[in-house]
Every structure is written in structure tokens, then in C-alpha cells.
Amino acid sequence: MRFRFPIVIIDEDFRSENASGLGIRALASAIEREGVEILGVTSYGDLSSFAQQQSRASAFILSIDDEEFSSAAAGEDAVRRLRAFVEEIRWRNAHIPIFLYGETRTSRHIPNNVLRELHGFIHMFEDTPEFVARYIVREARAYLDSLAPPFFRALTHYAQDGSYSWHCPGHSGGVAFLKSPVGHMFHQFFGENLLRADVCNAVEELGQLLDHTGPVAASERNAARIFGCDNLFFVTNGTSTANKIVWHYMVGPGDVVVVDRNCHKSVLHAIIMTGAIPVFLTPTRNHYGIIGPIPLAEFQPESIRRKIAANPLVKGDPPKPRVLTITQSTYDGIVYNVETIKQLLDGYIDTLHFDEAWLPHAAFHDFYRDMHAIGAGRPRTKQSMIFSTQSTHKLLAGLSQASQILVQDSETEKLDRFQFNEAYHMHVSTSPQYAIIASCDVAAAMMEPPGGTALVEESLQEAIDFRRAMRKVDAELGPSWWFRVWGPEQLAEEGLGKREAWMLAPAERWHDFGPLAPGFNMLDPIKATVITPGLDVDGSFGTTGIPAAVVTKYLAEHGIIVEKTGLYSFFIMFTIGITKGRWNTMVTELQQFKDDYDNNQPLWRVMPEFLKLHPRYERMGLRDLCDGIHAVYRENDIARLTTEMYTSHMEPVMTPADAYAKMTHWEVDRVPIDALAGRVTAVLLTPYPPGIPLLIPGERVNDTILRYLQFAREFNRTFPGFETDIHGLVKDAADGELRYFVDCVRGV
């Protein structure tokens, strides 16, 4: 399969009619006759941005005979520019070929720290252009041949070899789509390659995901090397499935497990499926609705023993916990010092599982040292095995649902791959999507240092530059209102600054998580939570305010979709795909929102698509809408209520598995909200945002949770279009009025 990776020539005479220009164009023509595209430019331009072209090029050819090399003084400056350019390329790419060429200058004019980075030095007119072209093209093709990791390479070869398909899927390489008009549309949209690469596990040359053989196994081993772990397994159903695989390998009915209350619902599903008895560690929260860390004291073995002993579902002496699952990092970017947790719990808990769905990038930059579970050079635990589950599709370059499981053996315990694969088979499809496997393969290869390190550093830099830009706007506006980006008060003037600035120090007001242990938690800068006016971190409401839901619906109408919306905050991520153009557009759109809010622009003008769906707001202005929602939030003290409902006492009455079984046997009552007090839920009750389960099957509804559900019901009726979505609520509008119910265990 032919890929477009031109050879880039940088020569000020590339378009000139002098001897130098004629010579380099003759070389360029000879290269093109070899079937390789040429991109010719006349100057380096901005070194940093031009060096980024390494991702699109197969080689660089750089002239050292330009005018700027002519005098001694100018030559020194030119050499510095050349060195800077080569360093910029090598910071991202250790292997792309770089050639220098000249007519009068030779390698003795170039310092050794540049020469050692080269693949060759061309002295013009000593060999024919055709000979030199073949030499350059050979090196460029060897470089391109080295790029594709094992599975992606095998898949591209299979897709282009023209084999007739007699296996599923039924579209047979896309042919079926060509038999229908709408199928033609589908084929044209997704393209030939994706459909030819959509194959089944009957293609032996691609290997087997379920058995980890062939190119699939080679790619998993390659990814394990890159991520610095003993075993790595690709998962094509997302990290939700990865979590369940880990649990089914380690956990059985009646096992006591220790779980972060701020866990993804897939972990709670795993608790239900395995029949485990959960003991929860409760994280801190602030009144912005941002979930903070679990205090260090809760990780002490004695503290965990007390929690187990106090759990009414645990009979007899407190048993040894089977697994600990911690959310690393939280949605808003709080991470733990993993080495501290390992030292505390090694040997006390059999398996330490870190749900790093939002942290796969951390292993590739020293900024995150000790703040991720597994990586090259990390010390082994003595007894406890370490698992990390990661979403390569969230912050790396995987397709949706692309995830992976990383395993680090302890000094005394190694993964039993056969038993692990039995759990793997329970959850992974026998018809995996091969494009997702290929994206796992490629996403890992992209993170190979130095390229992966450069990608992470660029994400960090862009995220911090965004914060600086937002503060600049705030400073220029003076007393007028503006948005804030949640994070430490002090930022470095340039660069990344010291990572200590991102550590959560005890009792700092900006986070308001209380007396945290020094050095135990850090905010990941690439997770940016934007705070809207109207609410203070202590829960106090202002006279006026701008609910975040209005802001994000406004942004959506202007082509900007955010990750998560809270009461007075919304969340964006600086993944490796974010660019300066994107975050600068965010800043300008927020300025436009401010102007429209200050002028109370009518909603029909600034949010026309929203108004089509909800014409009841057609007589309102943007500020009017904000004032109406803010008044209801303030009247109900909703910031404190949503904090208290997550930190209130949760009473376990029966195991999640037993409660869920009641529902499957229809031994439940469908209870209206107002009658929920004291009832035991049979389902997960999960408000979005933040998407963290509020109640799990087998827990009793308390008064605080009841008040929140009643508030959500009334708010949804008053402000359609801004509804709080609560998974687990049953909605019924049979008589024209929307009512909410929860399925509760009968007779309990």
C-alpha cells in the first residue's frame, strides 16, 4: 500500500535559476522519477512548527551552501539555526533520515553534535542526480518500512493483496454496500481501506485476539515494551470491559474488595457480576462538584480493616481484601502518588488495580513520575500484583473503544496467562473490530520515545498556555466578570514550570479539599475545568450567576463540544490531538459569550437551534435564562446538596449481586420518588453529571438523596433542555405528566 510521505528539501535556491538551483531541482526530479513526492521550500521558517512536518515526511535534505553560511559570523548563526532545526526534529523523531548537501562546504564545517544525527552528506555534482536519488530514496523507504507496528503492518498487507472473502462480515470487504444506493453512500464515506480491513478471526495471517497469537501477539508484546509492563492485552470493548476482565480474573463470590467510591460504573457492574462484598473509600469533594482525592489516612491497612469490620455484610473476622480499585486519574485530573499506595498496601491486598482510563499518557513524561501505576524502571512490589486499565481512545490516538490492560508481576506472583485468558474470553467479542486492534497497535507505537514524550509535552504546554491566555483576558477585563480555569494560583511565566506547583498542598483554598497529605496528590494540567461565575468554592452563591449548562449549549451552537458539564463548571481535555487553533477558538468563543450575556442578546439570535427544540424560551435573553436557572440553584442550595449526597452515609443492606438478582426475578417494587425514603435500591442510580453512581444495588435511600431526586424532578419540569439525566430512574408519562420511579427490593 502506498503512503504519501514526501521528501522535504530546504534550500534558498530551490526556485532560483543559478547553478545551485538547477542542481537541487535536478536531484528533486530524479527522486520523483523513483516514485517519491518532493516538497521544496526556500527557508526554515519557524523552526518549531516546520519541524513538526516530520510526521508527514520520509526524509529531509538540508542545504549548507545558502547565503547565510557565506561569512564566518553569518555562518555561526546559520549553524546554530541548523542545529536548532535538527534538534527540533530529533526531539520528536529519532529515526527519520536527515541529509545535508553542499557544493563548497563539507562535513568539516558542521559540528559533531549535528553530524551524529545525519544519515548522509551529499556533495553536489560528484555523483549523478540519479545515483544520489536512489541512495536517498533507499534510506527514506527503509525508514517508512520501519514505522508500521506488527498488526497494522499485517492488516495493511492483507487489505491490499486482493483476496476474495468467503468469511464474515457479510459485506465481503465492502462489496455488499455497492449493491445499494445508501450502501454506496456508506462506502464512499468510510472508504475502501476500512471496509477491506474489516475481517473476521478466520484470517489466520492476522493472528487471533482471543488467543493472543500471530501479529496480534507481536503487537501486544511491542506495546508491553513501550509501556514498560510485563504483559499487555488489547481490549476492543473499552475500559469498561477491561475492568470486568481484571475483576473476573481475581474476584469470586463473597470476596471482600476495597473500591474507590468515585469509581466508574463498570467497576460496580463487576462487583454485581462477581458477587463481591464492596468496602468503599470515600473521596473528598468541593462545592464546585469537583471530586477530590481519597485522603491518605484511608489507605492505611488499619483504617481499611476497621471499615471491613464495620460492614454489616462481612461476617466473622475481617478477611484479607482481594483487590483494591482506585480511579487514577479522576475526571477532573486528580492523581495519586502510586508508589505511596504500593508501599502501604503491598501484601495486605492481593491485587492493586488502577483504573487509568484517563491517564495512559503518564508513562511517557517525567512530569508524572510516581503518579502512574506501571512503567519502565518502576520498582516491583514484593507480593501484590499491579493492574492498570487504560483507554487509549480517550487521551491517545486509539479509535473509540480501544483500550488495554497492563500487568506488572510482583516479586513472588506472576500472571497466569491461561487463567487470565479465561476471564478475557468472558468479555471480549469473538468478532472483534480489527480497525480498533490496529489503532491500539498504532497508538502504542506513536508513544515510543522520543516521539511519545514530545507529544505529551506539547499537550502539557498547550494546556498551560490556555490557562495563561485565560488569565490574560481576566487581567485586561479588570473588574468585569470572566471565566477561571480551576488550578493552582501561580503559573510559570513560560514553559511547564515546576511540577511541584501542581501538587495539592494541604488546605489550599483553590481546591478546598481540606488537610491533604503533602506530595500525595497532583492535578494533571491537561485536564482543564473552566469555572463559570456565580458560585464560590465554599458553596456560596452570588447575586447573579452563569450556570455552565447555558455556556456549553451556547458553545455547542458555535461548533464547540465539551467533555462534561457541571453546575458552574465545564471540563475540556488537552489530548495529543488538541491544537493552538482549537484552544484559541475556545477563548474567543467565551469572549463572544460574555458580550452576548452582557448585552442580554435574545436567545433566538444567539442559540437558534436550541430554541427550535424549546420554543418556550423564545422571549428570553441570554442573561435572563442564566438568571432564572441561577435563582433556582441558589434557592435550593444545590451546590451543598450535591456535595452532601455523595458524602452522606450509605447503608449497605444486601450485597449488590443479591439485590440485582431480586430485579432479575421481578421481586421489586417500582417506587415513586416521594415514597423512596428508607427503601433499598435494586439498580445503580447514576446522575449525569458527574456520571458517578450515587447508590448501588443493595443500599438504602437516605433523606439527602431523596431531597436531591425531588429537586432534579422539579428542575427538569421547569427547565426542559437542561435536564439532569439520572440513569436508573424509570420515567413514565402515560397520562401526559412525566413521573419518576426507582426499582427497589420488595419487602426490605
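The main-chain N or O of Phe570 is never found under 3.5 Å from a side-chain atom of Thr565 such that the two would form a donor-acceptor pair. A distance-only check finds no donor-acceptor pair linking the side chain of Asn262 to the backbone of Ile692 [under 3.5 Å]. A donor-acceptor pair is defined here as one N or O able to donate and one able to accept, closer than 3.5 Å; no such pair exists between the side chain of Ser569 and the backbone of Ile531. For Arg90 (side chain) and Glu117 (main-chain N/O), a donor-acceptor pair under 3.5 Å exists by modelled atom type. Checking side-chain atoms of Lys265 against main-chain N and O of Pro693 turns up no donor-acceptor pair under 3.5 Å. With Ser459 contributing its side chain and Thr575 its backbone, the two residues share a donor-acceptor pair below 3.5 Å. Checking side-chain atoms of Thr327 against main-chain N and O of Asp355 turns up no donor-acceptor pair under 3.5 Å. Distance alone, capped at 3.5 Å, is enough to place a donor-acceptor pair between the Thr642 side chain and the Ile638 backbone.
Side chains of Leu406 and His372 form no contact here, defined as non-hydrogen atoms less than 4.5 Å apart. Proximity of Leu535 to Arg634: side-chain heavy atoms (C-beta onward) are nowhere separated by under 4.5 Å. Side-chain atoms of Asn521 and Phe513, non-hydrogen and from C-beta on, never get closer than 4.5 Å to each other. Between Tyr708 and Ile726 the shortest side-chain heavy-atom distance falls below 4.5 Å. Under the 4.5 Å side-chain criterion, counting only non-hydrogen atoms from C-beta, Pro360 is not in contact with Lys394. By the 4.5 Å heavy-atom criterion applied to side chains, Arg261 and Ile291 are not counted as neighbours. With a 4.5 Å cut-off on side-chain heavy atoms, Met371 and Asn337 count as touching. Under the 4.5 Å side-chain criterion, counting only non-hydrogen atoms from C-beta, Trp502 is not in contact with Leu460.
Here the shortest heavy-atom pairing between Tyr143 and Ala57 reads CE2-O, 3.8 Å. Across Val530 and Met470, no two heavy atoms sit closer than the pair CG1-CE, 4.5 Å. The shortest non-hydrogen separation linking Ile464 to Pro525 is CG1-CB, 4.2 Å. Across all their heavy atoms, Met573 and Ile578 have their closest contact at O-CG1, 3.4 Å. Taking each heavy atom of Thr392 and Ala443 in turn, the nearest pair found is CB-CB, 4.4 Å. In plain terms, the two heavy atoms of Ala528 and Phe574 that are nearest each other are CB-CE1, 4.0 Å.
In this structure, Glu644 has no side-chain hydrogen bond (donor to acceptor under 3.5 Å, both in side chains) partners at least two apart in sequence or on a different chain. Residues passing the side-chain hydrogen bond (donor to acceptor under 3.5 Å, both in side chains) test with Asn599: none are found, sequence neighbours excluded. The side-chain hydrogen bond (donor to acceptor under 3.5 Å, both in side chains) check on Gln461 picks up Asp465, with sequence neighbours excluded. Scored by the salt bridge (Lys or Arg N to Asp or Glu O under 4.0 Å) test, Glu589 finds no partners at all (sequence neighbours excluded). By the salt bridge (Lys or Arg N to Asp or Glu O under 4.0 Å) test, Asp524 pairs with Lys527, sequence neighbours left out. Residues forming a side-chain hydrogen bond (donor to acceptor under 3.5 Å, both in side chains) with Arg619 (at least two apart in sequence, or on another chain): none. Partners of Asp595 under the salt bridge (Lys or Arg N to Asp or Glu O under 4.0 Å) rule, at least two apart in sequence or in another chain, do not exist in this structure. A search for salt bridge (Lys or Arg N to Asp or Glu O under 4.0 Å) contacts involving Arg640 returns Asp637, not counting sequence neighbours. Residues meeting the side-chain contact (heavy atoms from CB on, under 4.5 Å) test with Asp596, sequence neighbours left out: Tyr554, Gln592, Gln601, Val606, Leu622.
One finds the SG atom of Cys229 at 8.0 Å from the CD atom of Gln390 (value rounded to the nearest 0.5 Å). Expressed to the nearest 0.5 Å, how far CG of Leu603 lies from CZ of Arg623 amounts to 12.0 Å.
Relative ring orientation between Tyr368 and His361 is described as perpendicular, the plane-to-plane angle rising above 60° on a 0-90° scale split at 30° and 60°. The aromatic rings of Phe722 and Tyr617 lie perpendicular to each other, with more than 60° between the two planes, well past the 30° mark. Using a 30° and 60° split on the angle between ring planes, Phe711 and Tyr633 fall in the tilted class, from 30° to 60°. Between Phe719 and Phe715, the two ring planes are tilted [angle within 30° to 60°].
Salt-bridge annotation for Asp366 and Arg369: present, with a side-chain N of the basic residue lying under 4.0 Å from a carboxylate O of the acidic one. Using a cut-off of 4.0 Å between Lys/Arg side-chain N and Asp/Glu carboxylate O, Arg468 and Glu494 are scored as not salt-bridged.
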What do the steps show when you test Asp332 against Lys564 for salt bridge (charged side-chain N to carboxylate O under 4.0 Å, His left out), and what is the final call? CA-CA 10 Å; Asp332 291 282; Lys564 176 186 68 127; 3.2 Å; yes
Apply side chain to side chain contact (heavy atoms under 4.5 Å, CB included) to residues Arg509 and Asp536 and explain how you reach the verdict. CA-CA 10 Å; Arg509 178 172 169 74; Asp536 195 34; 2.3 Å; yes
Let me see the working for Glu457 and His365 under side chain to side chain donor-acceptor pair (under 3.5 Å), right down to the final yes or no. CA-CA 7 Å; Glu457 181 151 331; His365 202 287; 2.9 Å; yes
Start with the C-alpha distance between Val335 and Gln328, add both sets of side-chain angles, then the distance that settles side chain to side chain contact (heavy atoms under 4.5 Å, CB included), and finish with yes or no. CA-CA 6 Å; Val335 295; Gln328 170 81 346; 3.8 Å; yes
Which is it for Thr643 and His287 under the side chain to side chain donor-acceptor pair (under 3.5 Å) test, yes or no, and what are the steps along the way? CA-CA 6 Å; Thr643 300; His287 291 304; 3.1 Å; yes
As a quick check of understanding, evaluate side chain to side chain contact (heavy atoms under 4.5 Å, CB included) for Leu281 and Asp260, giving each step before the final call. CA-CA 5 Å; Leu281 304 183; Asp260 182 352; 5.6 Å; no
Test side chain to side chain contact (heavy atoms under 4.5 Å, CB included) on His511 and Ile334; report intermediate values, then the result. CA-CA 10 Å; His511 62 72; Ile334 303 299; over 6 Å; no
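Counting only residues at least two apart or in different chains, salt bridge (charged side-chain N to carboxylate O under 4.0 Å, His left out) contacts with residues 546-563 are absent. Pairs passing the side chain to side chain donor-acceptor pair (under 3.5 Å) check and including a residue from residues 482-493, sequence neighbours excluded, read Tyr288-Arg484.
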Report, one line per pair, each donor and acceptor closer than 3.5 Å where one atom sits in a side chain of residues 539-549; sequence neighbours left out.
{"from": "Ser540", "atom 1": "OG", "to": "Asp538", "atom 2": "OD1", "distance (Å)": "2.9"}

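Sparse packing is recorded around NE2 of His95, with 12 or fewer heavy atoms of other residues, nucleotides or ligands lying under 6.0 Å away.
The closest side-chain donor-acceptor pair between Thr239 and Ser391 falls under 3.5 angstrom.
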